[in-house]
Visitor: 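Dropping the structure in here first, questions after.
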Number of protein chains: 2
Amino acid sequence: MTTKETILESALKLFSSKGFEGTSVREIAADAGVNVAMINYYFGSKEKLFESVVEYRALVLKGLFSDLVNNPSLSYIEKIDIIIDKTIERKLSNSKFHHIMHRELSLEHRPQLRDAISDILLKNMDPVKQIIKNGIKDGEFREVDIELTISTILGTIHYLLTSDIMCRKILGKKEGFNPFNNKPFIKRLSEHTKQLMRSHLLKNKK
Amino acid sequence: MTTKETILESALKLFSSKGFEGTSVREIAADAGVNVAMINYYFGSKEKLFESVVEYRALVLKGLFSDLVNNPSLSYIEKIDIIIDKTIERKLSNSKFHHIMHRELSLEHRPQLRDAISDILLKNMDPVKQIIKNGIKDGEFREVDIELTISTILGTIHYLLTSDIMCRKILGKKEGFNPFNNKPFIKRLSEHTKQLMRSHLLKNKK
DNA sequence: AGTTTAATTAAACATTTGTTTAGTTTTAAA
DNA sequence: TTTAAAACTAAACAAATGTTTAATTAAACT
C-alpha cells in the first residue's frame, strides 16, 4: 500500500469513529505511521484529505441497479428483494464510509460537500424509482407513494445499521452483540424488510 | 431568560449545526452575548455544557405513549396512527436536539454519553412494543417482527427528517423547499407511514 | 557516474483551542 | 450602610491545532 493510500485508510477509520473536527491530522499521521507533513504534501489540507476520502470510497458505491430495470426474467417484487439485499450488503461492507457521509449530511457547514454526499448516497435512487413505477403501471404493485416507499427501505436499514448501541437496545441484546457481523440478525432484517414490502406493494396478497 | 439558559440555547443551536468539536466555546459565548468565562463558571467545562444541553432538552421528550397502552376506546391500529403522528410531531419540534443526539450516537468516543442518549431516544420503545404485542395476541395484527416494525416507523421518519438536503433530493424538490415546515409534506409522510403500517400489520385487509 | 525530481523528516509557525486567574461590578442580606 | 456572596469581565495560560519551512534521504533519469 502506498503512503497516500495508508493515509486515506487511517483517515477513513478515524473520521468515521471520531468525526472530522474530532480527529487531528497528527492522529491520522500516527495511525498511518507517516510524518504529519505528508498529509499536506499529498492532499494539501485536512479538508481536502476529507474530500479525497469521500472520492476514494465513493467509487465503490457505483450504480448497482441500473441493469435491474430492464431485466425481463424477474418479477417486480423479486427486483425489490434484490435491491433490499444489495442495500444491506453494501451498507455492511462500507459501514465506516456510511457513518462519515450521514454525519456530514447532518452538519450545516461545508454545504458543497453535503451536496456531493447526498448525490453519492442517492446514486441508485432513479433505477429503484423506475422499477416501482413500472410495477405499478403493469398492475403488480399498488399505487403507493414511490419516493416515500424508497425512504422506508433505506430508513429501516439505515436506522438499525448506523448505531450498534441503538440496535442492541432495540433488539434487547446484551453488550457482546454486534449487529454488523451477526448473520442471523442480518437475515432477520432482510426478511422483515422484504415481507414489509410485499405487504405494502403487492396488489393480490393472500 | 437567565444567562445560563441563554448559553444553553446558543449551545443547542451551534452544536446542532456544527457538531460538538466543530463549535468553540467562544462562538457559543459570542452567540449568547456573554463572556467566555461564563461557560466554565456555570457549567465547569465544554463537555459538561454538552451534557447539560442533553439533560436540558431530554426533559421535553418524556414518555408519551405509556397511557396509550391501556386505552380501551381505541383499536390497535388507531394507536399506531397516534404513535406515528406524535413521533413526527416530536421530531419536528425538537429537530435540533435530534440532530445532536443522532450524530453523537454515530461517534465512538464519549461512550457513557452514547448510552444515555440511546436511552432517551428509546424512552417510548416499551409501550409501543406492548401495543403491537397486544394487537397480535388479540388477532388484529399479524405476527410481525415487533422490534423491526418499530425500527421501520422510526427509520422512515428519521431518514426523511434528518437532512433537509437529502429529503429535497429524494422528493425531487427545488432549493427553496424546506421539509421541516412544509405542511403538505408532513401530511404526506404521515399518510404514507400509516398506510404502510396498515398493510403490514392488519390481518383482514380489503 | 552525476543530476534532477520525488519522498520524507524534524522543527518551527501562527492560530485557535478550552480553561483559569485576578479583579471588578452587581446583588442581596445583615 | 456595611458586608458577603454572586455575577461578570478582560487578560493570560498552556496545550493543541493545521500548516509551512528548510533540510535530508531515496528514486529515477541522463
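Labels below follow one simple rule: chain letters A, B, ... track the order of the sequence lines, proteins then strands, and each chain is numbered from 1. In this text the structure is predicted, and so the values were computed from the model without any measurement.
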Visitor: Would you say C:dA7 has OP1 or OP2 under 4.0 Å from some side-chain N or O of A:Thr3?
Guide: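 So the side-chain polar atoms of A:Thr3 never come under 4.0 Å of the phosphate oxygens OP1 or OP2 of C:dA7.
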Visitor: Using a cut-off of strictly less than 4.0 Å, decide whether A:Tyr41 has a side-chain nitrogen or oxygen near OP1 or OP2 of C:dT8.
Guide: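 For C:dT8, OP1/OP2 do not have a side-chain N/O of A:Tyr41 under 4.0 Å.
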Visitor: What distance separates B:Ile157 CD1 from B:Thr87 OG1, expressed to the nearest 0.5 Å?
Guide: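 The OG1 atom of B:Thr87 is 5.0 Å from CD1 of B:Ile157, to the nearest 0.5 Å.
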Visitor: Tell me the interatomic distance from A:Leu49, atom CG, to D:dG18, atom P, rounded to whole angstroms.
Guide: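 Atom-to-atom, A:Leu49 to D:dG18, this comes out as 11 Å.
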Visitor: Can you figure out which of D:dG18, D:dT9, D:dT20 approaches the side chain of B:Met38 most closely?
Guide: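 Taking heavy atoms from C-beta onward, the closest nucleotide is D:dT9.
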Visitor: Going by number, which of residues 14-36 of chain B have a non-hydrogen atom under 4.0 Å from DNA chain D?
Guide: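 Of all residues in residues 14-36 of chain B, the ones placing a heavy atom under 4.0 Å from DNA chain D are B:Arg26, B:Asn35.
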Visitor: Going by ring pair (Phe, Tyr, Trp, His ring centres under 6.0 Å), B:His158 matches just one of B:His98, B:His102, B:His99. Which one?
Guide: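 When ring pair (Phe, Tyr, Trp, His ring centres under 6.0 Å) is applied between B:His158 and each of B:His98, B:His102, B:His99, only B:His102 qualifies.
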Visitor: Would you say that more than 12 heavy atoms from the other residues, nucleotides or ligands in this model lie under 6.0 Å from the NZ of A:Lys96, or not?
Guide: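 Incorrect, the count does not exceed 12.
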Visitor: Please determine, by modelled atom types, if A:Thr23 and A:Lys18 share a side-chain donor-acceptor pair under 3.5 angstrom.
Guide: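 On atom types as modelled, these side chains do not qualify, holding no pair under 3.5 Å.
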Visitor: Rounding to a whole Å, what distance do you find between B:Glu47:CD and C:dT19:C1'?
Guide: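 Value for this atom pair: 14 Å.
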Visitor: In this structure, how many angstroms lie between the P atom of C:dT8 and the CZ atom of A:Phe43, rounded?
Guide: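 Taking CZ of A:Phe43 and P of C:dT8, I get 12 Å after rounding.
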Visitor: For A:Tyr42, which contact category applies under a 4.0 Å heavy-atom criterion: base, sugar-phosphate, or nothing?
Guide: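 It contacts sugar-phosphate atoms only.
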Visitor: Measure CD1/B:Ile7 against P/C:dG18 and give the value in whole Å, please.
Guide: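 That distance rounds to 14 Å.
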Visitor: Strictly under 4.0 angstrom, non-hydrogen atoms only: write out the protein contact profile of nucleotides 24-29 of chain C, one letter per nucleotide from the 5' end, B, S or -.
Guide: ------
Visitor: What is the separation between atom CD1 on A:Ile39 and atom P on C:dT8, rounded to the nearest whole Å?
Guide: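 So the two atoms are 13 Å apart, to the nearest Å.
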Visitor: Are there over 12 heavy-atom neighbours, none belonging to B:Lys173, within less than 6.0 Å of that residue's NZ?
Guide: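 No, the 6.0 Å shell around NZ holds no more than 12 heavy atoms from other groups.
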Visitor: Nearest 0.5 angstrom please: A:Arg57 CZ to A:Glu9 CD, how far?
Guide: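 The CD atom of A:Glu9 is 6.0 Å from CZ of A:Arg57, to the nearest 0.5 Å.
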Visitor: Could you tell me the separation between the CD1 atom of B:Ile170 and the CG atom of A:Leu122, rounded to the nearest 0.5 Å?
Guide: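 Interatomic distance, B:Ile170 CD1 to A:Leu122 CG, rounded to 0.5 Å: 5.5 Å.
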Visitor: Roughly, in whole Å, what's the span from CG in A:Asn40 to C1' in C:dT8?
Guide: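 Computing the A:Asn40:CG to C:dT8:C1' distance gives 14 Å.
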Visitor: Hey, would you say the B:His200 and A:His200 ring centroids sit under 6.0 Å apart?
Guide: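 Distance test on ring centres: not under 6.0 Å, no.
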Visitor: Considering only residues two or more places apart or on different chains, which pairs with a residue in residues 7-30 of chain B satisfy ring pair (Phe, Tyr, Trp, His ring centres under 6.0 Å)?
Guide: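 Pairs touching residues 7-30 of chain B that pass the test: B:Phe15-B:Phe20, B:Phe15-B:Phe50, B:Phe20-B:Phe50.
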